[in-house]
2 protein chains.
Amino acid sequence: MKIKPQTPKGFRDFLPSAATRRAFLLDKLTLTFKKYGFEPLETPAVEFAQTLKGKYGEEEKLIYEFSDRGGRELALRYDQTVPLSRVIATYPTLPKPFKRYQTQVVWRADNPQAGRFREFLQVDFDTVGSSSFLSDAEIIACALEAMNKIGFKEYYLRINTRDTFKGLPKKVISALDKLKKLSEQEVVREISKSGFNLEKAKEVLVKIKESKPPRQIEELFNLFSPIGIDKNRVIFDPTLARGLDYYTGVIFEMEVEGYQTGSVGGGGRYDNLIGSFTGKETPAVGFSFGFDRLLDAANSQGLLPEDKATTTVLVTILGDKSLESSLKIASKLRNAGINTEVYLEQLGGKKISLEKQLKYADKKNIPFAIIIGEKEQQEKTVTLKNLSTKKQETIDVISVIDKIRLSQT
Amino acid sequence: MKIKPQTPKGFRDFLPSAATRRAFLLDKLTLTFKKYGFEPLETPAVEFAQTLKGKYGEEEKLIYEFSDRGGRELALRYDQTVPLSRVIATYPTLPKPFKRYQTQVVWRADNPQAGRFREFLQVDFDTVGSSSFLSDAEIIACALEAMNKIGFKEYYLRINTRDTFKGLPKKVISALDKLKKLSEQEVVREISKSGFNLEKAKEVLVKIKESKPPRQIEELFNLFSPIGIDKNRVIFDPTLARGLDYYTGVIFEMEVEGYQTGSVGGGGRYDNLIGSFTGKETPAVGFSFGFDRLLDAANSQGLLPEDKATTTVLVTILGDKSLESSLKIASKLRNAGINTEVYLEQLGGKKISLEKQLKYADKKNIPFAIIIGEKEQQEKTVTLKNLSTKKQETIDVISVIDKIRLSQT
């Protein structure tokens with residue numbers, strides 16, 4: 001029976017070139033996290049449904065839930081902050097502050113649309129157990145350095161604190177969070193739904209817009225210079241709200257100049273969430289990169305390597321006579337640390353043309369081919385062909401290794 | 001409300017030290033795969049249930065299935081071979097042979113027991129679209145080189161072909177697969193269930209045990225030397241059966257001398273599975289490492305780094321006066337590529353003793369601490385403390401960077 005080979009909507013395959021680009025970006029991020037002393041943490045895909053419930057507000061309906069054979073109610077990881085909180089409660093002896101990064105996929109039964117998926121990678125780093133501004137400053141420094149490491153030139157962090165909204169109803173925060181999508185007039189209308197008349201709602205918005213940085217923001221800014229943060233990268237924005245319920249202090253969002261889709265990451269301080277698991281006050285601050293957007297932004301600014309093949313050299317196979325020489329040179333290249341493929345079809349007389357073999361290398365963006373025919377075999381040389389310039393030369397094995405190595409640096 | 005912070009049975013957290021060791025091993029494996037020209041592939045956790053069904057024989061009941069809101073029947077990834085087959089059918093223009101590695105978790109609703117989990121990492125690499133013995137030899141070479149790269153000294157590959165069992169009922173293969181767990185007498189009894197009497201069943205087993213390597217195995221062995229495989233690592237074993245239904249040719253299992261739990265990986269040729277998706281004959285061969293066992297074997301042979309911390313240096317903070325100097329040296333260390341933590345609690349007068357800060361570094365296995373007191377601040381020096389030898393010296397910033405770098409090589 002032939003089965004229709006498709007994935008469910010909102011779930012993606014990453015073929016080698018996409019997977020390679022994703023790994024490239026992820027590497028730069030995790031290298032930066034490690035530099036700031038964040039350590040890797042992995043949690044299971046499946047948690048008890050009870051662990052996730054009551055944490056995400058309205059979004060809760062998007063959790064993938066199911067029962068197992070034993071009737072246990074389980075759920076797929078929805079974010080990495082709630083599992084982190086559960087981990088802190090599960091292992092009370094973990095040294096604190098606990099600084100971890102976590103780069104796993106999460107699942108949301110959302111309506112798939114452009115740039116929105118049901119399974120996607122989240123890239124988080126958090127510090128748990130410190131209420132010091134130093135940990136806020138460090139999270140910000142690390143997020144900015146990650147952007148720099150990726151190669152972004154114009155990026156900035158918008159920053160605010162939930163204190164700006166003290167005494168205002170929750171709905172005002174949700175209304176402000178829509179400022180990026182809606183006009184001011186529409187936001188005023190949203191604010192008015194919290195029980196203000198339109199005039200008063202307008203005043204609320206104006207007052208927020210004109211807020212001066214509160215003292216905690218100023219104290220935080222004082223740490224920026226010694227910790228190595230360029231102050232010009234950080235902008236106080238009193239209208240920044242962020243939707244999630246659990247923020248309690250400083251909040252921030254990362255934006256890339258010229259990238260219109262939206263912020264590529266954000267986070268803030270959430271001093272009460274973890275307490276709901278541990279039963280005691282546990283302050284925390286963290287940042288989450290939206291990996292798909294970050295990749296998209298990096299791609300739109302030409303910061304990702306062009307379809308770089310994993311393989312550096314294809315060793316062609318011209319016939320049973322030269323097979324052994326071809327295999328041996330492949331083995332030598334691999335021992336020298338060069339990623340090497342051997343063209344696989346050609347044994348027992350079925351001969352594949354050199355042209356077809358080179359076409360295969362081209363399709364896969366492999367930069368070099370090595371050709372060993374009878375002449376090369378006799379002379380103990382190889383022919384190295386550069387597949388982009390189409391130039392080729394016949395040289396000895398040691399020179400060929402040096403040439404390829406040189407091209408890789 | 002306080003929630004009981006536990007994971008469902010068979011699902012695991014990996015805390016930083018475990019996650020670091022796992023990443024260490026995974027790195028060695030993927031580096032080797034790349035060296036042989038295998039490229040990364042990622043598929044979604046969730047597939048249509050229909051895609052997975054009818055592939056795993058009796059094991060099918062262990063698939064995690066659920067329905068989504070739209071009533072679609074979905075299932076969690078059960079292995080990485082069926083998703084690979086689906087990918088080959090989904091993207092018919094992928095250049096062939098298609099060589100991919102895939103390192104993702106899979107889920108099985110199995111009974112959790114020692115060393116058996118419901119979520120675990122699989123590490124696979126496969127070549128699709130070549131029926132050449134060269135691709136079998138390459139898979140074997142890559143698997144053996146991965147073992148070497150991890151640092152194993154005594155390991156070997158048992159090898160056989162399904163041709164050894166030609167004409168014998170399927171149940172005989174399942175019976176043989178139990179030879180590692182059951183006595184020969186018990187296996188003979190199992191074989192007899194296929195309709196042989198005990199005498200005949202015994203003959204079947206003896207005949208299999210005395211089989212000589214068929215021609216295809218000999219041809220394969222001829223490729224070993226030029227491709228760089230040490231023939232002493234490969235043992236023809238006519239009783240090797242492997243349980244899965246879909247193998248059609250050569251089969252193999254990797255064993256570590258002195259590791260009794262079982263093989264650390266295995267694989268073989270499966271020329272018919274992918275056809276059930278593509279509708280046309282698509283030969284394939286692959287290998288799968290059991291990551292948990294491989295890690296366990298590597299650990300039992302002392303091949304994993306001892307609880308290596310991500311962080312190399314903890315910069316302590318002795319007071320508000322030296323805070324700025326401490327932050328600046330941390331920034332310098334990071335810029336020099338050294339993973340650096342700053343002790344986070346100490347702002348606004350709340351003073352934490354140096355002893356407590358050093359204890360934190362100890363608990364996290366951080367090898368160095370940098371201390372900046374008033375004296376160091378005045379002299380523009382730092383004190384570097386080696387936390388394992390307890391020795392310390394006061395030196396300038398450039399020397400400290402050099403010293404730490406030297407210790408890392």
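Throughout, protein chains are lettered first and strands after them, A, B, ... in sequence-line order, and every chain is numbered starting at 1.
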Where A/Lys34 and B/Thr310 come nearest, the two heavy atoms and their spacing: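 Reported closest heavy-atom pair: CG-CG2, 3.4 Å.
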Atom of A/Tyr360, atom of B/Pro97 and distance for their closest heavy-atom approach: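 Minimum heavy-atom contact is OH-O, 3.0 Å.
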Below 4.5 Å from any heavy atom of chain A, which atoms of [X] appear? Answer side chain, backbone, both or neither.
| X | value |
| --- | --- |
| B/Leu74 | side chain |
| B/Thr127 | side chain |
| B/Val342 | both |
| B/Phe33 | neither |
| B/Leu94 | side chain |
| B/Tyr101 | neither |
| B/Ala330 | neither |

Donor-acceptor under 3.5 Å (B/Arg86 side chain, A/Pro5 main chain): no
B/Ser132 side chain vs A/Leu344 backbone, donor-acceptor pair below 3.5 Å: yes
Ion pair check, A/Arg12 and B/Glu42, cut-off under 4.0 Å: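 B/Glu42 and A/Arg12: not salt-bridged.
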Under-4.0 Å salt bridge between A/Arg334 and B/Glu138: yes
Option that, when pairs with chain B are counted at under 4.5 Å, heavy atom only, ranks first among A/Val46, A/Ile88, A/Ile227: A/Val46
Between A/Ala19, A/Gly228, A/Ala23, A/Pro40, the one whose heavy-atom pairs under 4.5 Å with chain B are most numerous: A/Pro40
Within 6.0 Å of NZ in B/Lys149, more than 12 heavy atoms from elsewhere: no
Crowding at CD, B/Gln6 (>12 non-hydrogen neighbours, <6.0 Å): yes
Heavy-atom check, side chain of [X] versus side chain of [Y], under 4.5 Å:
| X | Y | answer |
| --- | --- | --- |
| B/Ile317 | A/Leu134 | yes |
| B/Thr90 | A/Thr7 | no |
| B/Leu15 | A/Val87 | yes |

Under 4.5 Å from a heavy atom of chain B, the part of [X] involved:
| X | answer |
| --- | --- |
| A/Lys332 | neither |
| A/Glu119 | side chain |
| A/Val313 | neither |

Parallel, tilted or perpendicular: ring planes of A/Phe66 versus B/Tyr64, cut at 30 and 60 degrees: perpendicular
Candidate pair B/Asp13 and A/Tyr91, rule side chain to side chain donor-acceptor pair (under 3.5 Å), full reasoning: CA-CA 10 Å; B/Asp13 292 316; A/Tyr91 312 93; 2.8 Å; yes
Pair B/Lys364-A/Glu39, side-chain contact (heavy atoms from CB on, under 4.5 Å): steps then yes or no: CA-CA 10 Å; B/Lys364 292 190 67 177; A/Glu39 297 183 292; 3.3 Å; yes
